[in-house]
Undergrad: 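Okay, here's the structure, questions in a sec.
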Amino acid sequence: MALEYLADGIFRPDILATVAGQTHLVGSRCEACGDIRFPPAPACPECHADVERLERVPLSRQGEVVAATRVERAIPPFVPPYLLAYVQLPEGPRVLCQLLADSSEPSHAIGRRCELTVDVLYEKDGAAVRGYKFQVEP
Ligand SMILES: [Zn+2]
């Protein structure tokens, strides 16, 4: 299966990195004030330091689901139903992402630990377009 990895203008290709064999989301950390953002910011929204003072940092693979909903009608090319969630990372950013869980009931996911994974987001011209999701831990 061909992979059109995080392409198509929906996701940026520079937001994932492999560290010690594992995939991580990449955020930005401000050298001046320490603020960490995901996705990486073009300038620091806290102290207004410009992009030269922002370093790219890998973020934790684990987080906690703080909000979730089930999407029944989606904007193409996404195919419903799926769970959409905010995942709180220990570094500070909250990540909006699709969520994989053992239940389609979003309230069952809230408050649970989850881990980053890379999975098919949708298909385009017969090719799988992959991106990040979080998987609720059992
Ligand atoms: Zn800053």
Side-chain angles (χ1 to χ4, degrees):
M1 179 180 350
L3 298 180
E4 188 178 344
Y5 198 72
L6 294 169
D8 211 29
I10 293 176
F11 292 97
R12 293 165 44 178
D14 62 342
I15 58 172
L16 290 177
T18 301
V19 179
Q22 291 198 305
T23 303
H24 291 258
L25 295 174
V26 175
S28 60
R29 189 179 72 79
C30 177
E31 293 175 356
C33 74
D35 182 71
I36 296 177
R37 295 286 164 154
F38 179 83
C44 180
E46 288 297 319
C47 75
H48 309 292
D50 59 19
V51 70
E52 290 81 27
R53 304 220 39 207
L54 301 178
E55 66 171 332
R56 296 298 179 95
V57 293
L59 301 172
S60 295
R61 291 176 44 81
Q62 284 80 27
E64 179 184 328
V65 179
V66 293
T69 190
R70 183 175 47 246
V71 176
E72 299 284 354
R73 296 183 185 185
I75 298 171
F78 297 101
V79 179
Y82 57 86
L83 295 178
L84 189 67
Y86 270 114
V87 170
Q88 179 70 55
L89 298 181
E91 295 89 350
R94 285 188 173 180
V95 178
L96 181 64
C97 59
Q98 287 191 27
L99 190 68
L100 302 173
D102 52 5
S103 167
S104 63
E105 177 54 50
S107 64
H108 293 173
I110 295 170
R112 291 178 63 188
R113 302 282 305 160
C114 56
E115 182 169 21
L116 179 71
T117 187
V118 174
D119 193 25
V120 175
L121 294 172
Y122 57 87
E123 295 201 354
K124 178 185 175 190
D125 301 328
V129 177
R130 299 166 72 86
Y132 65 89
K133 297 180 181 179
F134 275 79
Q135 169 78 55
V136 174
E137 295 177 352

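These numbers come from a predicted model, not from an experiment.
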Undergrad: Rounded to the nearest 0.5 Å, how far does CG of L16 lie from CG of L59?
TA: 10.5 Å
Undergrad: Identify, with sequence neighbours excluded, every residue that meets ring pair (Phe, Tyr, Trp, His ring centres under 6.0 Å) alongside F38.
TA: Y132
Undergrad: Please report the interatomic distance CD(Q98) to CD(Q135), rounded to the nearest 0.5 Å.
TA: 12.5 Å
Undergrad: Do you know which two heavy atoms are closest between L54 and P42, and how far apart they sit?
TA: CD1-C, 4.1 Å
Undergrad: Are L96 and F78 grouped together when hydrophobic residues (ILVMFWY) are joined by side-chain heavy atoms under 4.5 angstrom apart?
TA: yes
Undergrad: Under the side-chain hydrogen bond (donor to acceptor under 3.5 Å, both in side chains) test, which residues partner E91, sequence neighbours left out?
TA: S60
Undergrad: Please report the closest heavy-atom contact between V87 and C97, naming both atoms and the distance.
TA: CG2-SG, 3.7 Å
Undergrad: Give me each pair satisfying side chain to side chain donor-acceptor pair (under 3.5 Å) with a member in residues 69-85, each pair once, sequence neighbours excluded.
TA: R70-E72
Undergrad: Return the CZ to CD distance between R112 and E137, rounded to the nearest 0.5 Å.
TA: 9.0 Å
Undergrad: Tell me every residue that passes side chain to side chain contact (heavy atoms under 4.5 Å, CB included) with H108, counting only those two or more places apart in sequence or in another chain.
TA: S103, E105
Undergrad: Please name all residues satisfying side chain to side chain contact (heavy atoms under 4.5 Å, CB included) with T18, sequence neighbours left out, ordered by chain then number.
TA: T23
Undergrad: Run the side-chain hydrogen bond (donor to acceptor under 3.5 Å, both in side chains) test against R53 and tell me which residues pass, sequence neighbours left out.
TA: none
Undergrad: Distance from L100 atom CG to T117 atom OG1, nearest 0.5 Å?
TA: 6.5 Å
Undergrad: Quick check: is V118 connected to L89 through a chain of hydrophobic side chains (ILVMFWY, heavy atoms under 4.5 Å apart)?
TA: yes
Undergrad: Can you list everything that forms a side chain to side chain contact (heavy atoms under 4.5 Å, CB included) with A67? Sequence neighbours excluded, please.
TA: Y86
Undergrad: Is it possible for you to say whether V79 and V120 belong to one hydrophobic cluster, with membership spreading through side-chain heavy-atom contacts below 4.5 Å?
TA: no
Undergrad: Sequence neighbours left out, what pairs pass side chain to side chain donor-acceptor pair (under 3.5 Å) with at least one residue falling in residues 33-43?
TA: D35-R37, R37-E46
Undergrad: I need the minimum non-hydrogen distance between C30 and A49, along with the two atoms involved.
TA: SG-CB, 3.9 Å
Undergrad: Would you say V71 ends up clustered with V66 if hydrophobic residues are merged whenever their side chains have heavy atoms under 4.5 Å apart, either directly or through other cluster members?
TA: yes
Undergrad: Hey, what do you get for CZ (R61) to CD (E115), rounding to the nearest 0.5 Å?
TA: 4.5 Å
Undergrad: Who pairs with R113 by salt bridge (Lys or Arg N to Asp or Glu O under 4.0 Å), at least two apart in sequence or on another chain?
TA: none
Undergrad: Determine, using the 4.5 Å side-chain heavy-atom cutoff (strictly less than), whether V95 and I36 are members of one ILVMFWY cluster.
TA: yes
Undergrad: If you take all heavy atoms of I15 and P39, which pair is closest and at what distance?
TA: CG2-CB, 4.4 Å
Undergrad: In Å and rounded to the nearest 0.5 Å, what is the NE2 to SG distance from H48 to C33?
TA: 9.5 Å
Undergrad: With sequence neighbours excluded, what pairs up with A101 under the side chain to side chain contact (heavy atoms under 4.5 Å, CB included) test?
TA: L83, V136
Undergrad: Which residues satisfy the salt bridge (Lys or Arg N to Asp or Glu O under 4.0 Å) test with D50, sequence neighbours excluded?
TA: none
Undergrad: Provide the full list of side chain to side chain donor-acceptor pair (under 3.5 Å) pairs with a residue in residues 24-34, sequence neighbours left out, each pair given once.
TA: R29-E55
